[in-house]
Amino acid sequence: MTVPPVELDDLADPAAGFPQATREQWRTLAAEVLRRSGWDGSPDEVEAAMTTTTYDGVAVTPLYDAADLPAAPRTARAPGPWDVRQRHADPDPAATREAIHADLENGVTSLWLDLNAIGPAALPAVLDGVLLDLAPVVLDAGPRTAEAAEAFLRLTGGVALPGGNLGADPIGLAARTGATVDTAAAVALARRCAADHPGLRAITVDALPYHDAGGADAEELGCSVATGVAYLRALTGAGLTADQAFGQLEFRYAATADQFLTIAKLRAARRLWARVAEVVGGPGGQLQHAVTSSAMMTVRDPWVNMLRTTVACFAAGVGGADAVTVQPFDACLGLPDAFARRIARNTQSLLVEEANVARVADPAGGSWYVERLTEDLAARAWEWFQEIERAGGMAAALERLVPERLAATRAGRADNLAHRRDPITGVSEFPDLKERAVSRRPGPGLAAASGATSGEGLPVTRYAEEFEALRDLADAQPSRPTVFLATIGPVAAHTARAAFAANLFAAGGVATVTSGPGTDPAAIAAAFRDCGTPVACLCSGDRLYGEHAVAVAAALREAGARTVWLAGKGEYEGVDATLYAGCDALGVLRATFDDLGVAR
């Protein structure tokens with residue numbers, strides 16, 4: 001068969017010959033789909049019905065086009081591999097040194113040392129054999145920053161350092177611990193670095209305390225900008241030029257499994273800092289260190305953390321982070337083992353070397369959705385930054401304004417977590433009651449870094465902790481708490497709601513036993529008595545509920561049921577309450593524990 005030649009003009013417009021789609025057509029088609037779920041609006045109302053709102057109040061719509069592109073200029077990191085930065089917090093110097101060399105020999109390009117755990121005096125031991133002129137070192141010593149910086153600078157012996165940071169962050173320390181803000185030591189270190197160590201920075205603007213306290217993305221950004229501006233004032237007031245002051249700051253942000261929000265946050269951060277530079281007269285570039293979120297990590301089913309951190313790392317790379325730290329999947333269980341550390345660093349190596357994520361500058365740039373989300377997030381963050389400035393600056397705002405704002409966001413997030421509107425895979429959704437327990441040597445988690453030892457600073461949260469506390473309580477019982485599922489009708493009629501109910505109860509560590517298919521109330525009641533639990537839940541379709549729910553509930557009551565739930569919606573005599581998508585799952589689980597006599 002002869003294949004005719006293809007003219008270049010034939011490939012000029014691949015869409016040629018297809019009718020041009022319009023927004024109105026999309027609205028009409030989307031409205032038809034929504035009506036199948038009971039929605040009765042008009043096509044003009046479709047976009048509003050499908051729009052969601054972030055914790056910062058940024059609207060995320062279902063459709064974007066070229067009209068959504070903002071006029072603001074793009075800022076991007078130059079293409080090329082980002083810095084693969086591994087964190088070390090093992091108090092055993094020998095173990096830390098071994099882990100450091102394993103990292104550096106297998107893809108890690110810089111080190112992040114938690115000297116609250118390791119101790120500044122151990123620096124010579126842990127860095128023994130490390131070529132400091134090749135591997136940048138970032139310190140994190142909290143209240144011992146001056147001591148740690150002195151020990152590190154003695155160790156360098158005048159070597160020209162390729163980068164790194166002494167980790168001074170008095171405002172971040174105040175956020176974590178409630179300490180009084182004193183910038184004098186940080187300023188002294190910055191002046192020393194500017195004069196004698198041009199490759200080294202002195203100050204970290206750490207936004208992780210605000211993320212770990214439950215803050216939203218724009219709140220994290222606004223706090224970081226306000227902190228950066230406070231440091232600029234202190235540095236220039238001490239005699240550094242604007243260029244020198246900007247060159248002493250590195251910003252640290254959380255990267256989460258919300259891919260697009262992370263991309264937009266890092267892009268917005270550079271835009272915000274460029275605006276600060278424009279106002280005060282500085283170079284404008286922002287050095288970014290992205291760290292996979294501690295708050296999103298889970299103790300239960302920790303293997304899923306590998307997936308979360310992979311998405312977060314990808315988003316950080318696409319968003320333009322200069323350095324990325326991927327937390328090992330077992331980081332919130334204690335000190336990560338060698339396997340977890342290997343997976344963490346190889347996640348980055350795969351994205352950089354195999355997926356080529358770092359080869360393109362600002363790969364999300366030009367995306368209508370990402371550009372609009374970046375612009376809206378930056379606008380919200382700038383408003384929050386200005387509010388902090390009106391309150392007297394970041395140090396003053398930490399006394400009341402920032403904690404109150406974060407508390408409000410944290411409460412809203414907690415409500416969404418409880419109702420599983422923010423699902424946590426492996427914990428609040430699809431839990432595995434038979435999962436293999438994972439244990440690690442005790443050690444400080446990332447959120448406990450920087451010397452956070454008291455409850456006087458901002459709280460440290462993990463999204464999964466309320467559900468995991470119930471799982472722990474259930475596991476501690478002599479026998480696992482159990483709920484009886486009265487599965488009414490044939491398998492096809494009850495399977496969906498029985499699976500839903502079982503999944504919800506398992507999120508609190510509660511097992512379920514089913515009655516099997518059937519509609520005979522006496523048979524279902526007999527199976528309930530054999531189960532030996534005082535709590536039951538009806539599971540079936542709406543039609544069968546109408547025919548059998550009242551009779552089955554009555555039979556269960558007669559057989560000793562203390563509480564009767566129903567999977568679905570509707571009111572039926574003998575049914576105490578209902579389970580449905582969006583119900584208060586934590587409330588259901590706590591009530592079930594009370595009904596089962598499990599003390600909380």
Side-chain angles (χ1 to χ4, degrees), residues 77-78 82-87 109-115 120 123 127 130 132-142 144-156 158-173 183-208 224-225 227-253 266 269-270 273-274 276-277 280 282-291 320-325 449-450:
R77 182 180 67 85
W82 60 76
D83 179 10
V84 179
R85 184 172 295 172
Q86 191 88 300
R87 177 175 175 265
T109 55
S110 72
L111 306 172
W112 179 14
L113 304 180
D114 178 4
L115 295 179
L123 272 173
L127 294 177
V130 174
L132 298 178
D133 56 339
L134 297 178
V137 175
V138 173
L139 307 182
D140 193 349
R144 304 179 70 182
T145 294
E147 177 189 354
E150 192 64 41
F152 177 72
L153 292 175
R154 282 199 307 269
L155 196 62
T156 63
V159 171
L161 299 173
N165 197 304
L166 297 178
D169 184 20
I171 293 177
L173 179 63
T183 61
V187 168
L189 289 175
R191 295 184 61 177
R192 187 173 176 183
C193 287
D196 303 327
H197 305 280
L200 183 65
R201 298 181 186 232
I203 296 175
T204 297
V205 179
D206 190 358
L208 297 185
S224 74
V225 174
T227 300
V229 167
Y231 291 150
L232 288 180
R233 291 191 180 110
L235 294 174
T236 55
L240 270 67
T241 67
D243 283 10
Q244 288 175 323
F246 273 88
Q248 288 302 307
L249 306 183
E250 178 178 0
F251 289 73
R252 183 177 295 149
Y253 295 108
L266 297 177
R270 288 194 298 275
W273 198 238
V276 170
V280 305
Q286 186 188 65
L287 189 68
Q288 292 181 342
H289 174 200
V291 183
D322 299 280
V324 179
T325 295
S450 303

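Count residues from 1 along the sequence. When reading the values below, keep in mind they use all heavy atoms of this one structure, side chains included, and skip hydrogens, waters and symmetry mates.
Leu189 and Ala168 make their closest contact through CD1-CB, 4.3 Å (heavy atoms, listed as atom of the first residue, atom of the second, distance). Here the shortest heavy-atom pairing between Gly247 and Arg201 reads O-CG, 3.2 Å. The minimum heavy-atom distance linking Gly167 with Thr204 is given by the pair CA-OG1, 3.6 Å. In this structure, Ala269 and Gln288 approach most closely via the heavy-atom pair CB-NE2, 3.5 Å. What you find for Thr183 and Ala234 is that their closest heavy atoms are OG1-CB, 4.0 Å. Taking both residues in full, the closest heavy atoms of Ala148 and Leu115 are given as CB-CD1, 3.5 Å, listed atom of the first, atom of the second, then distance.
Looking only at distances, a side-chain donor or acceptor of Gln244 sits under 3.5 Å from a matching main-chain atom of Thr241.
In this structure, Leu132 CG and Leu161 CG are separated by 7.0 Å, a value rounded to the nearest 0.5 Å. Leu287 CG to Gln248 CD: the interatomic distance, rounded to the nearest 0.5 Å, is 11.5 Å. Atoms CD1 and CG, on Ile171 and Asp206 in that order, are 11.5 Å from each other to the nearest 0.5 Å. Going from atom CG of Leu266 over to atom OH of Tyr253 covers 8.0 Å, rounded to the nearest 0.5 Å. Note: Asp169 CG to Glu250 CD = 11.0 Å, rounded to the nearest 0.5 Å. Separating the CG atom in Leu240 from the CG atom in Leu235 is a distance of 5.5 Å, to the nearest 0.5 Å.
When the ring-ring contact (aromatic ring centres under 6.0 Å, His included) test is applied to Tyr231, no partner is found at least two apart in sequence or on another chain. For Trp273, the ring-ring contact (aromatic ring centres under 6.0 Å, His included) criterion is met by Phe246, Phe251, not counting sequence neighbours.
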Handout entry: Intermediate values then yes/no, side chain to side chain contact (heavy atoms under 4.5 Å, CB included), Val138 and Arg252
Key = CA-CA 12 Å; Val138 173; Arg252 183 177 295 149; 3.7 Å; yes
Practice task
Apply side chain to side chain contact (heavy atoms under 4.5 Å, CB included) to Val229 and Val280, showing your working.
Solution key: CA-CA 10 Å; Val229 167; Val280 305; over 6 Å; no
Handout entry: CA sep, side-chain torsions, deciding dist, call: Leu232, Leu249, side chain to side chain contact (heavy atoms under 4.5 Å, CB included)
Key = CA-CA 9 Å; Leu232 288 180; Leu249 306 183; 4.0 Å; yes
Problem - Candidate pair Ser110 and Arg85, rule side chain to side chain donor-acceptor pair (under 3.5 Å), full reasoning - result: CA-CA 5 Å; Ser110 72; Arg85 184 172 295 172; 3.0 Å; yes
Problem - Audit row: Leu139, Thr145, side chain to side chain contact (heavy atoms under 4.5 Å, CB included) steps and yes/no - result: CA-CA 8 Å; Leu139 307 182; Thr145 294; over 6 Å; no
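Each of Leu153, Asn165, Thr156 was checked for a side chain to side chain contact (heavy atoms under 4.5 Å, CB included) with Leu200, and the lone residue meeting it is Leu153.
Within the 4.5 Å cutoff, the side chain of Arg87 has heavy atoms near those of the Asp114 side chain. Residues Val291 and Trp112 are in side-chain contact: their nearest non-hydrogen atoms beyond the backbone lie under 4.5 Å apart.
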Using atom types as modelled, flag every donor-acceptor pair under 3.5 Å from a side chain in residues 190-197 to any protein atom, sequence neighbours excluded.
unit_1	atom_1	unit_2	atom_2	d
Arg192	NH1	Glu150	OE1	2.8

